There are 2 protein chains.
Amino acid sequence: MPLQKKVELLSLGDELLAGIRVNTHLTYLGEMLARNGLDLLRNQELPDDLEAIRSGFLGAWERADLVITTGGLGPTSDDLTMDALALALGRGMRMDAAVEEAIRERFARRGWSTPENNLRQCRILEGATVLPNPEGTAPGQWLEADGRILVVLPGPTHEMQPMFENEVLSRLREKGWATGARLCTQLRTSGAGESQIAQDLAPILAPFDRKVRVAYCAHNGLVDVRLTATGDETTEDDMKSLAHACCERLGDSFAGYGDCPMAAIILRQLRNLNRTLSVAESCTGGLLAARFTDVAGASKVFVGGLVCYRNDIKENLLGVPGCILEQHGAVSAECAVAMATASAEVFETDYALSITGYAGPEGGREPAGTVYVGLHSPVGVWSQKVFHAGSRGAVRERAVNVALDFLRRKLRQYEVHDFLDSCCQG
Amino acid sequence: MPLQKKVELLSLGDELLAGIRVNTHLTYLGEMLARNGLDLLRNQELPDDLEAIRSGFLGAWERADLVITTGGLGPTSDDLTMDALALALGRGMRMDAAVEEAIRERFARRGWSTPENNLRQCRILEGATVLPNPEGTAPGQWLEADGRILVVLPGPTHEMQPMFENEVLSRLREKGWATGARLCTQLRTSGAGESQIAQDLAPILAPFDRKVRVAYCAHNGLVDVRLTATGDETTEDDMKSLAHACCERLGDSFAGYGDCPMAAIILRQLRNLNRTLSVAESCTGGLLAARFTDVAGASKVFVGGLVCYRNDIKENLLGVPGCILEQHGAVSAECAVAMATASAEVFETDYALSITGYAGPEGGREPAGTVYVGLHSPVGVWSQKVFHAGSRGAVRERAVNVALDFLRRKLRQYEVHDFLDSCCQG
């Protein structure tokens, strides 16, 4: 087995150092590299400054086999990546005619002439290969020199990620630097805290102490458990049976393998049952619907949603009975159930999910952060109260996650029943 | 005025490099430092490795006046920050009795005995001052040596942030290193590209070449222009008149000052006009509504939204005339206008915004990425076609941004007319 290659990353841009933008490129590339058998050994965030980039790059170039840069390829005067790299490597740059044509075409397609500035983006390091950028004007670059590889990537996420996956990974695999993925499994859990999950899994994971690395990653109400084999000792069968044992121990908290979004898991379940879904939401104002419609092919299951943001819409458009609003208020378990049922009726769906609450900063009958989730299904209706102290955004995010988990668990619980039911109807 | 101090940060932890955790410490500290007149010149994410931390620290210590580290102070064997710093500085460590007592007390309060491991956290660099940690066991450290300052902070956010604010900032102010905030203005633009904006502003900014630093930050269809005075030469009046000149030059592309989201700008405009708004969307499936409802107090203007995800909902629930769907299709300029008008009728609002299109991966009559935005207003209806080649998520995001910019520009264009109109009605 060849020695593992050393990888360093340079993340370029004042905005990363001034607290204006979070460095999500680091997270993305760190994970992609790890999945492909390469460990990222260092990242540096550097300002838009020629000398800082030059010296930061030279340090990385001395230590690493592969250096990747992101950002600073834009058309403006603070985009200095190419100048700094050319200086550091003592290399000239050539104007690439094909890149220029692609840029001019891109502007022409919109009926615009090409700004002179953008021609800076045609500058390619002598000896480097152009990595095409179908999503933007700045191409990437791949340079092999001094037994090392330099990869230059653009800053915008929707340009950088496809370029890394389509152009860079394949080249790294061809050279044998990126190996097949290390044995790795991710279990996605929902509705339980990180320390609870860790405690539950501890006895199962203990025997694998040195052979399998465990990482817990909590985000958006989910906790991902990532298991990675550290060496050749652990076989694929070992990993499979370990993952299986973990799933069993997790029970209902286990939502699925890998990175599958909760909404996609639910839509797949409903599609298998040949059922449809709609939503009615107030305080989350479209976020719940957006999660479902983010999944390609959702329209086979997800029919639509109503955002009843002003209170009277709940009664006038959705058809929640006025007496429920009067007696229990618009933020109540009763209203959540009535909203779900009304949504199922209006959209003519089998299932309907609802959210009503106080996102804040102000509350009402109850404090800000109080949210009720409602569910209408062919086998019954439910409502659940949720309280989360936090910012408006955090309350909304949490409410959507709780609603998704609520439906996921109910479907799991009733899917056999429901499946039999749907068979009978057929 | 004293020379500005150079600051570097070291963010320690494998999880930052393996894509498991986003480095929010960098964002927080970068912003806090900038607000207090200190620029962060470099950050390095380093793994839990003695040699990597030692060499990364020495580089920073050579370049900077102030070096801050976060993380790696925990009780386990992969917490190597103190060992690496002691090694790099050639300094011993002492066991601090007061820290030990605080740790033992912390455990005793919960009725636990103190694990032997945790006594590693009593190790303080010779000559360093202890920064107390009321939120956890690991204290911070403040060391003045070689005319420089080293600040060691714990990793957990709820321990690090109060320690920085309560212990570190005050000491930096006492020494005169942290000053009041620097002069800084941010102009938010929408609907024009980064290079266009830069080209437009170039003649206005040129005379300020060395006195004002300009940074362009493109995100989500917006381009922010940040102007920062680099020294004392530029007065507040200079900055104001410069910002004003930029706004004039930008014309309709100028959306507002600071960080205000586009939806908030629109809601404020509508609120001033005493007008209401609703939305109807298909391919963006709730994202447009979610942007408006993300703004606190939105319900004074934003009434509600309909997500018509399955096609028949457009006709049956929203009331788009069947003949329009038949003749022009659900993804058409005509349908977008009809959706906006129907939304205004159903929700009884003055304005209504609509989006219909093919988010992908599959298209229909037109390719995936084709989207129509529609607007209904008291003074007319409009529709605009948008095409964006990209992922499903990118197409949806772009469509929402174009819709928001469309409404913002129309409001700007018609606000005088509309204002007179609303006066007449009153």
Side-chain angles (χ1 to χ4, degrees), chain A residues 14-24 26-28 30-31 34 40-48 52 56 59 74-76 78 115 117-118 134-135 156 158 215 217 285-290 292-294 296 298-299 302-310 313 317 346-347 361 392-393, chain B residues 15-24 26-28 30-32 34 40-47 52 56 59 194-196 198-199 214-218 285-290 292-294 296 298-299 302-310 313 317 346-347 361 389-394:
Chain A
D14 284 348
E15 71 277 12
L16 298 170
L17 290 161
I20 297 170
R21 177 143 342 145
V22 172
N23 190 356
T24 51
L26 167 58
T27 331
Y28 167 80
E31 187 184 340
L40 186 58
L41 292 183
R42 184 182 305 216
N43 174 57
Q44 298 178 66
E45 281 89 0
L46 297 170
D48 298 316
T76 55
D78 60 352
N117 276 342
N118 282 83
E135 304 286 335
H158 69 282
C217 182
L287 282 181
L288 182 61
F292 287 115
T293 58
D294 195 37
S299 65
F302 184 77
V303 173
L306 188 68
V307 178
C308 8
Y309 208 61
R310 217 177 51 197
I313 299 294
L317 252 176
V346 165
F347 289 99
R392 185 178 168 80
Chain B
E15 72 278 13
L16 298 169
L17 290 161
I20 295 169
R21 181 149 326 156
V22 172
N23 189 357
T24 51
L26 167 58
T27 332
Y28 167 80
E31 190 184 338
M32 289 300 283
L40 185 58
L41 292 183
R42 185 181 304 216
N43 173 57
Q44 299 178 63
E45 281 90 0
L46 297 170
E194 184 175 345
S195 58
Q196 186 61 52
Q199 208 168 318
V214 187
Y216 297 93
C217 183
L287 282 182
L288 182 60
F292 288 114
T293 57
D294 195 36
S299 65
F302 184 78
V303 174
L306 189 68
V307 178
C308 9
Y309 207 62
R310 216 175 53 195
I313 299 294
L317 251 178
V346 165
F347 289 99
S391 69
R392 184 178 169 83

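Keep in mind that what you see is a predicted model, and the values were worked out from it rather than measured. Here is the naming used below: chain letters follow the sequence lines, and residue numbers restart at 1 for every chain.
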Heavy-atom pair count under 4.5 Å with chain A, highest-scoring of B:Gly390, B:Ala394, B:Gly305, B:Ala52: B:Gly305

Top contributor to chain B contacts, counting heavy-atom pairs under 4.5 Å, from A:Leu40, A:Leu317, A:Val346, A:Asp294: A:Asp294

Full working for side-chain hydrogen bond (donor to acceptor under 3.5 Å, both in side chains) between A:Asn118 and B:Ser195: CA-CA 7 Å; A:Asn118 282 83; B:Ser195 58; 3.0 Å; yes

Options A:Ala18, A:Pro75, A:Gly74, A:Gly59, ranked by heavy-atom pairs under 4.5 Å with chain B, top entry: A:Ala18

With sequence neighbours excluded, residues passing side chain to side chain donor-acceptor pair (under 3.5 Å) with A:Glu135: none

Options A:Ala290, A:Gly304, A:Cys308, ranked by heavy-atom pairs under 4.5 Å with chain B, top entry: A:Ala290

Sequence-distant partners of B:Glu15, salt bridge (Lys or Arg N to Asp or Glu O under 4.0 Å), two or more places apart: none

Which portion of B:Tyr216 sits near chain A, non-hydrogen atoms under 4.5 angstrom: both

Heavy-atom proximity to chain B below 4.5 Å, by part of A:Asp78: side chain

Heavy-atom proximity to chain B below 4.5 Å, by part of A:Leu287: both

When A:His158, A:Glu31, A:Arg392 are compared by non-hydrogen pairs under 4.5 Å with chain B, the top option: A:Arg392

Side chain, backbone, both or neither of B:Leu17 within contact of chain A (heavy atoms, under 4.5 Å): both

Segment of B:Ser299 engaging chain A (4.5 angstrom heavy-atom cut-off): both

Proximity breakdown for B:Arg42 and chain A, heavy-atom pairs closer than 4.5 Å: both

B:Ala215 portion near chain A, given a 4.5 angstrom heavy-atom threshold: both

Heavy-atom pair of closest approach, residues A:Gln44 and A:Gly56: NE2-O, 3.3 Å

Shortest non-hydrogen separation from A:Val307 to A:Gly285 and the atoms involved: CG1-CA, 3.6 Å

Heavy-atom pairs under 4.5 Å with chain B, option from A:Pro47, A:Gly286, A:Pro134 with the top count: A:Gly286

Largest heavy-atom contact set with chain A, pairs under 4.5 Å, which of B:Asn43, B:Leu41, B:Thr27, B:Thr24: B:Asn43

Contact class of A:Tyr28 relative to chain B, heavy atoms under 4.5 angstrom: neither

For A:Phe302 against B:Tyr309, the heavy-atom pair lying closest together: O-CD2, 3.6 Å

Engaged part of A:Leu306 at the chain B interface, taking heavy atoms whose separation is under 4.5 Å: both

Pick from A:Leu26, A:Leu16, A:Asp14, A:Asn23 with the largest number of heavy-atom pairs that fall under 4.5 Å of chain B: A:Leu26

